[in-house]
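Notes to accompany the following structure.
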Amino acid sequence: MRAEVFRQIRRNVAEREGEMLALLERIVRMNSHSANHDGINAVAGVFATQLEALGFAVEVRTRHHSGNMVLGRSPARMAAGSRTPQVLLVGHMDTVFPVDAGFDCFRREGRNIIGPGIIDMKGGLVTALFALMALDDAGELGDMPVTFVLNPDEEIGSPWSRECIEEEARRSGCAFVFECSGLLGETVTGRKGRMPFTFSVSGPGGHSGATGMHKPSAIVELARRIVTVEGLNEPYRGLSVNVGVIEGGTGPNVVPEQATAYAEARYMEEADGDTLRAALENAMLRPGIPGTVCRVEFGSGRPAMEPTRENRALFGVAGVMAARLGIPIGEDFRGGVSDANFIARAGCPVLDGMGPSGARDHSHDEYMVADSLVPRTQLAAMTMTECWRLLARGRLFDD
């Protein structure tokens, strides 16, 4: 029976390739920069309509100063209620390209299609939608409780949608995030955590020609602290610290009163993030040039997505399905972050990188490998239904 289901899925997706590409072109040509709320809302409207046609209960959440968020729940999810673990799908609609970026194409070049957000992650949104359509046509969606969250703010840290994603993750037995796969089919079981922070130095300032031996320069003291911060790098442990922007001072004849550095850290395990935070706090408490004071503030980051046994169990299912399809797949740990970090933090097993293959995201050369769209959609549908079947039987995470 399962073999016949998989054949139906493969056939259904292959027959809809033209529809998939048409929808992808439509939404890629809609500018949905994180600050372009009208553009995000246009993309949200397209998917709300598509999910409603699939029989999903659709909720469009609005908020001032943000684009809309879409939540689609399958009929089985609505019938089962909140106590039955669901399958969670997550993808973001926003991109990093402003309206005036001069990048607004959908252009084929050989095997690739170039366009803004085509793999980060509008191709993934199309993959998720058509995977659901294929499951519905194969009769697999009838008893599968699915929630699909399409959020408008991932590229700026998911400040609004994080709470919703974590809440849905706590209700879920497993989750899939549709960021792009690698060029060799790499699919993500782990991601580094990210900790943004700012440290600043203040001092009394003064005239540069009237200073003594211990000139209370905020810039000089900041430079010393930067050396200390950069010394916390431990590449062999996957722990990276980077000071990316500095600012301060008013003129060459003025001892600067203020200087600030903007930085971030990335780490593989949450315990390393905790240790690093304590090290940064302690480093800023140490005495500096007399008269100067240093402070550190931490911004909203993302927790580490550690490659747990449960995440690898999901990857194991995907690996079996990839073998059935005869397509490459690999396990990947990425230094970049995504909404999968929040899902993992909520305690839900998650597999990321479920979208089509591509590269050069966040650049004007961003591209999708055109012939990856169909097989990655087939893979997503087959993996989702098999994971749900095993989850419902209590066997998904068996050793």
Side-chain angles (χ1 to χ4, degrees), residues 9 12 23 27 40-41 43-63 66-94 121-122 124-154 158 160-178 314 338-340 342-344 346-352 354-355 377 380-392 396:
I9 289 172
N12 177 279
L23 178 61
I27 60 173
I40 292 172
N41 294 347
V43 175
V46 169
F47 280 91
T49 299
Q50 294 279 353
L51 289 170
E52 285 172 347
L54 195 55
F56 275 52
V58 175
E59 177 187 359
V60 178
R61 295 186 181 178
T62 62
R63 185 177 182 179
S66 177
N68 293 342
M69 179 162 48
V70 177
L71 281 80
R73 304 187 192 277
S74 69
R77 170 67 180 84
M78 299 301 294
S82 61
R83 287 176 292 182
T84 300
Q86 65 184 359
V87 176
L88 177 63
L89 314 183
V90 175
H92 66 87
M93 299 175 288
D94 61 324
M121 56 172 290
K122 292 180 177 181
L125 298 179
V126 171
T127 292
L129 176 66
F130 278 82
L132 292 172
M133 290 179 176
L135 291 175
D136 186 48
D137 286 347
E140 293 293 288
L141 205 55
D143 65 349
M144 186 187 300
V146 177
T147 292
F148 188 5
V149 178
L150 297 93
N151 63 319
D153 56 354
E154 191 272 348
S158 304
W160 174 36
S161 60
R162 173 179 181 171
E163 182 178 355
C164 171
I165 290 169
E166 290 181 334
E167 180 180 355
E168 294 299 335
R170 287 189 285 269
R171 297 172 176 169
S172 303
C174 62
F176 301 93
V177 177
F178 286 81
L314 298 178
S338 83
D339 288 322
F342 296 137
I343 294 169
C348 177
V350 57
L351 190 61
D352 196 356
M354 293 296 290
T377 303
M382 291 165 63
T383 301
M384 286 157 52
T385 187
E386 187 67 5
C387 284
W388 166 247
R389 185 180 72 88
L390 293 171
L391 183 67
L396 180 55

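These numbers come from the heavy atoms of this one structure, side chains and all, not from hydrogens, waters or symmetry mates.
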Next on the checklist: If you apply the rule side chain to side chain contact (heavy atoms under 4.5 Å, CB included), what do you find for Leu71 with Cys164, and how did you get there?
Outcome noted: CA-CA 10 Å; Leu71 281 80; Cys164 171; 3.8 Å; yes
Next on the checklist: Does any part of the side chain of Ser338, heavy atoms only, come nearer than 4.5 Å to the side chain of Glu154, both counted from C-beta?
Outcome noted: yes
Checklist entry - Residues in side-chain hydrogen bond (donor to acceptor under 3.5 Å, both in side chains) with Glu52, at least two apart? => result none
Next on the checklist: Under the rule for side-chain hydrogen bond (donor to acceptor under 3.5 Å, both in side chains), what residues qualify as partners of Gln86, not counting sequence neighbours?
Outcome noted: Arg77, Thr147, Glu168, Ser172
Checklist outcome for this item: Between the CG atom in Leu314 and the CG atom in Asp352, the distance rounded to the nearest 0.5 Å is 11.5 Å
Checklist entry - Given the rule in the side chain to side chain contact (heavy atoms under 4.5 Å, CB included) test, do Val149 and Ser161 qualify, once you have shown the distances and angles that lead to the verdict? => result CA-CA 9 Å; Val149 178; Ser161 60; 5.8 Å; no
Next on the checklist: For Glu59, is the CD atom crowded, meaning more than 12 foreign heavy atoms sit under 6.0 Å from it?
Outcome noted: yes
Checklist entry - Is the shortest heavy-atom distance from the side chain of Thr62 to the side chain of Asn41 under 4.5 Å? => result no
Next on the checklist: Working to the nearest 0.5 angstrom, can you tell me the gap between Arg61 CZ and Trp160 CH2?
Outcome noted: 7.5 Å
Next on the checklist: For Leu141 and Phe56: C-alpha separation, side-chain torsions, deciding distance, then whether side chain to side chain contact (heavy atoms under 4.5 Å, CB included) applies.
Outcome noted: CA-CA 11 Å; Leu141 205 55; Phe56 275 52; 3.8 Å; yes
Item to check | Rounded distance (nearest 0.5 Å) linking atom CG of Leu150 with atom CZ of Phe178 | outcome: 10.5 Å
Checklist entry - Do you know which two heavy atoms are closest between Glu140 and Asp143, and how far apart they sit? => result O-OD1, 3.7 Å
Next on the checklist: Given 3.5 Å as the limit, does a donor-acceptor pair link the side chain of Thr49 with the main chain of Gly45, or not?
Outcome noted: yes
Next on the checklist: As an exercise, state the distance from CZ of Arg162 to CD of Glu167, rounded to the nearest 0.5 Å.
Outcome noted: 13.5 Å
Item to check | Non-hydrogen atoms of Ala381 and Ile9 that approach each other most closely | outcome: CB-CG2, 3.7 Å
Item to check | Straight-line distance of Asp94 CG to Met121 CE, nearest 0.5 Å | outcome: 10.0 Å
Checklist entry - At their closest point, which heavy atom of Pro145 faces which heavy atom of Thr84, and how far apart are they? => result CG-CG2, 4.3 Å
Checklist entry - Phe176 and side chain to side chain contact (heavy atoms under 4.5 Å, CB included): which partner among Val350, Leu88, Thr383? => result Thr383
Sequence neighbours left out, cut at 3.5 Å: what donor-acceptor pairs do the side chains of residues 124-138 make with other protein atoms?
unit_1	atom_1	unit_2	atom_2	d
Thr127	OG1	Gly123	O	3.0
Asp137	OD2	Asn12	ND2	2.4
Asp137	OD2	Arg16	NH1	3.2

Next on the checklist: With heavy-atom distances below 4.5 Å as the criterion, would you say the side chains of Leu391 and Trp388 are in contact?
Outcome noted: yes
Checklist outcome for this item: Nearest heavy-atom approach of Ala169 to Cys348 is O-CB, 3.4 Å
Item to check | Spatial distance of atom CG (Leu54) from atom CZ (Phe47) [nearest 0.5 Å] | outcome: 12.5 Å
Checklist entry - Below 4.5 Å, heavy atoms only, C-beta onward: do Pro152 and Asn68 meet side chain to side chain? => result no
Checklist outcome for this item: All heavy atoms of Leu396 vs all of Cys387, minimum pair found to be CD2-O, 3.8 Å
